[in-house]
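See structure below.
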Amino acid sequence: MPEQFDIVVLGAGHNSLIAAAYLAKAGYRCLVLESRALVGGGVKTTELTLRGFKHDICSSAHVLIQDSPILRDDELGLGEYGLEYIFPDPVVHLPFPDGSYITQWRDMDRTCEDFARFSRKDAAAYRRMMTDYEAVKPLFAAASYTPIGFGKSLNERLAEHPKGRIWQRRLAMSAWEIIRDNFEDEHCRAFMVWMAYQTVEPPEAATTGRLAYSICAGRQRWSWTTPKGGSGTLTQALARLIEAHGGTILTNKTVARLTVENGKCTGVESTDGSAYTARMAVLSTIHIKHLVDMAPVEAFGEDFLSGVRTWRAGITLFLTHYATTEPPKFPVAGGTISSVAAGTMATAERGLRVGYDFRMGNVNVEDPPLLVVSSTVADPSRAPAGMHTIKVIGNQPYELKEGPEHWDKIKNEVSDANLKYLRKFAPNLTDDKILARIVESPLDLERMNAHNWHGTCHGGAQDLAQSGGLRPVPGWAGHRMPIAGLYQTGATTYPGGSVSGGPGRNAAAVMLKDFGSSLEAVVKRKA
Ligand SMILES: Cc1cc2nc3c(=O)[nH]c(=O)nc-3n(C[C@H](O)[C@H](O)[C@H](O)COP(=O)(O)OP(=O)(O)OC[C@H]3O[C@@H](n4cnc5c(N)ncnc54)[C@H](O)[C@@H]3O)c2cc1C
């Protein structure tokens, strides 16, 4: 006899855990099944290299979620379960090949002074853009944390705002067009392109205009926000909350099949043969490309299946994790600087090549744009005394001309090239400072988390065809799937990838409504 629960949750990324947290708080008996040994998906911290070195396997920056009702209004009380944030200063440091640099500081005036060293006009543009975005940010946040079909769309909200029309135009433009039109100096443009690219959408693509503002503004407001102890502190806190509210979490449980009875999803089976029954609903964060193989095709229907067939992966990342005796030290006037986040972007033009190389399947290690995260600069608790973790993230395609398996042959070479380039800017990172390294190609990212389908870190591209009401599939953007009783959350659903918690909270809102309650009622309840 399969074990019975009210709700069975498939996969334990931060989104499905957030949804389960609201549902467990509402009094539903939840079971979470996770295929890996540890919950968290892209929000996970482990001793990947050496004992005592706590590496964020994927995400480190929890910026978007700071503006969510989940944290802003403390809806889940995650502080009681161990979640605490650090707001590092400096925020980001970008050195350039000519020896100059721009540092983003928490203090806007200080950041503008860095821009003004290159151009006073660009410093004024930076301040103006950050201020402009802050004025409309509540509209973006409200739209992101409202399930599709539950309230006004972003476009409707903008239409009611005095500055809404100009924002409608900006959203339709590319981030690069906005940067080019507002900044005159090549360094300032390179800095802004690097920032706009941080959610890995090609900055030259139409409809990325918001990213020219939002990523920079988020970091100017919140810094490179990161949980104390590691990115995984968030998912660990959620797991504790779920268990404290009667939920069960089982790891090393890979879901293989959905149980469909009389057209309704009533449970699941895992690869080890265990079966679990859901009295009310099944909530999935299984990638949609895999989900459709878990039930008979008739159950999904042709419209949904064709939507899944046309789903495309997004730009993929290439990582190297290091355990070191020093953080990167970047030469600046009067000494060196170390920052939780740093990066390289030789020129804005180089940033515009990333999307092209991805689409063409080119491995490009020439002047690679990099993100270099050294969380131990602000959080020494993540490594043994005086030691550091460094994560170097570049962009390389999953699909190679020789096939994705070719990555196993070339990944060390690509990692070496990235390090060689980084050393031009942080010459202290010599071999004797490096104690261990782990390289993760786009193929490895997929191997370690099936939700990173084709290595994609946000479930899939987040362009016009896969955004808003079209995510994951036109007609099914509201988290309710074609099979009754089956709901979908995670990065393949609106509002998309990143550590925002939006897909999780929105899915919970839809489910609670369907159960005759509401998310607001759950939030109002004490404990
Ligand atoms: C290298 C990298 C760096 C990143 N950095 C950042 C960052 O700094 N800031 C940021 O905001 N975002 C970042 N992201 C993106 C962010 O990590 C993801 O968008 C986010 O974690 C997705 O969360 P999710 O809850 O939707 O799904 P996931 O975190 O992907 O979780 C899905 C879970 O489902 C499980 N699963 C899949 N299939 C099955 C199955 N059949 N049975 C059982 N379980 C299953 C997986 O094991 C996984 O635990 C990064 C991503 C990558 C890859």
Side-chain angles (χ1 to χ4, degrees), residues 8-20 32-44 55-66 68 198-200 215 218-219 224-227 231-232 234-235 238-239 249-258 268-272 283-291 293-294 314-321 340-341 371 373 375 391-395 398 440-442 444-453 455-460 462 472 488-505 507:
V8 177
V9 179
L10 319 181
H14 82 288
N15 278 309
S16 50
L17 290 174
I18 283 172
V32 182
L33 300 172
E34 165 56 44
S35 70
R36 308 297 298 189
L38 191 65
V39 302
V43 184
K44 195 153 65 180
H55 299 269
D56 292 340
I57 305 227
C58 291
S59 69
S60 293
H62 291 202
V63 185
L64 277 173
I65 198 169
Q66 302 303 320
S68 73
Q198 289 306 305
T199 52
V200 296
I215 302 186
R219 278 147 179 81
W224 208 272
T225 326
T226 191
S231 186
L234 169 63
T235 44
L238 287 162
I249 297 174
L250 299 180
T251 54
N252 296 311
K253 285 279 178 193
T254 300
V255 175
R257 255 180 309 282
L258 304 175
V268 296
E269 281 174 40
S270 61
T271 48
D272 63 8
L283 172 63
S284 152
T285 190
I286 309 283
H287 198 280
I288 51 163
K289 289 279 188 184
H290 303 144
L291 187 70
D293 292 333
M294 292 186 179
I315 289 183
T316 41
L317 303 178
F318 180 98
L319 281 83
T320 310
H321 296 275
V340 161
L371 163 63
V373 180
S375 301
K391 180 170 64 172
V392 178
I393 307 184
N395 315 274
Y398 170 93
E440 283 171 352
S441 72
D444 294 327
L445 288 174
E446 180 178 52
R447 285 173 176 149
M448 75 182 196
N449 177 354
H451 198 229
N452 291 336
W453 177 74
T456 195
C457 64
H458 291 144
Q462 307 199 113
Q488 178 77 0
T489 183
T492 63
T493 63
Y494 176 82
S498 296
V499 185
S500 74
R505 185 179 182 274

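As the structure lists them, so they are numbered: ligands from 1, and atoms in each ligand from 1.
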Could you tell me which atoms of ligand 1, counted from 1 in the order shown, lie closer than 4.0 angstrom to a heavy atom of [X]?
| X | answer |
| --- | --- |
| I286 | 38 (N), 39 (C), 40 (C), 41 (N), 42 (N) |
| C457 | 15 (C), 18 (C), 19 (O), 51 (C), 52 (C), 53 (C) |
| V43 | 21 (O) |
| K253 | 42 (N), 43 (C) |
| A491 | 26 (O) |
| G42 | 17 (O), 21 (O), 28 (P), 29 (O) |
| G490 | 26 (O) |
| H458 | 15 (C), 19 (O) |

Minimum-distance protein heavy atom relative to [atom]:
| atom | answer |
| --- | --- |
| atom 46 (C) of ligand 1 | N449 OD1, 3.2 Å |
| atom 19 (O) of ligand 1 | S498 N, 2.8 Å |
| atom 41 (N) of ligand 1 | V255 O, 3.2 Å |
| atom 49 (O) of ligand 1 | E34 OE1, 2.6 Å |
| atom 27 (O) of ligand 1 | H451 ND1, 3.0 Å |
| atom 13 (C) of ligand 1 | S59 CB, 3.5 Å |
| atom 34 (O) of ligand 1 | G11 CA, 3.4 Å |
| atom 45 (C) of ligand 1 | S35 OG, 3.7 Å |

Exam field: side chain [X] to backbone [Y], donor-acceptor pair closer than 3.5 Å:
| X | Y | result |
| --- | --- | --- |
| Q462 | G497 | yes |
| S270 | K253 | no |
| S498 | S500 | no |
| T285 | G11 | no |
| H14 | G501 | yes |
| T226 | S60 | yes |
| T456 | W453 | no |
| N452 | E446 | no |
| K391 | C58 | yes |

Is the closest N or O pair between [X] and ligand 1 shorter than 3.5 Å?
| X | value |
| --- | --- |
| G497 | no |
| S60 | yes |
| N452 | no |
| A61 | yes |

Checklist entry - Under 4.0 Å from ligand 1, counting heavy atoms only, is it the side chain of N15, its backbone, both or neither? => result both

Checklist entry - Which part of L319 is near ligand 1, with near meaning a heavy atom under 4.0 Å away: side chain, backbone, both or neither? => result side chain

Checklist entry - Side chains of T251 and E34: do they bring a donor and an acceptor to under 3.5 Å? => result no

Next on the checklist: Is a donor from one side chain sitting under 3.5 angstrom from an acceptor on the other, for T492 and H287?
Outcome noted: no

Which atom names give the shortest non-hydrogen contact between [X] and [Y], and what distance separates them?
| X | Y | value |
| --- | --- | --- |
| W224 | V340 | CD1-CG1, 4.1 Å |
| C457 | V200 | SG-CG2, 3.7 Å |
| A507 | T489 | CB-CB, 3.7 Å |

Next on the checklist: Could you check whether any heavy atom of T254 sits closer than 4.0 Å to an atom of ligand 1, since that is the contact criterion I want to use?
Outcome noted: yes

Checklist entry - Under a heavy-atom criterion of less than 4.0 Å, does G40 contact ligand 1? => result yes

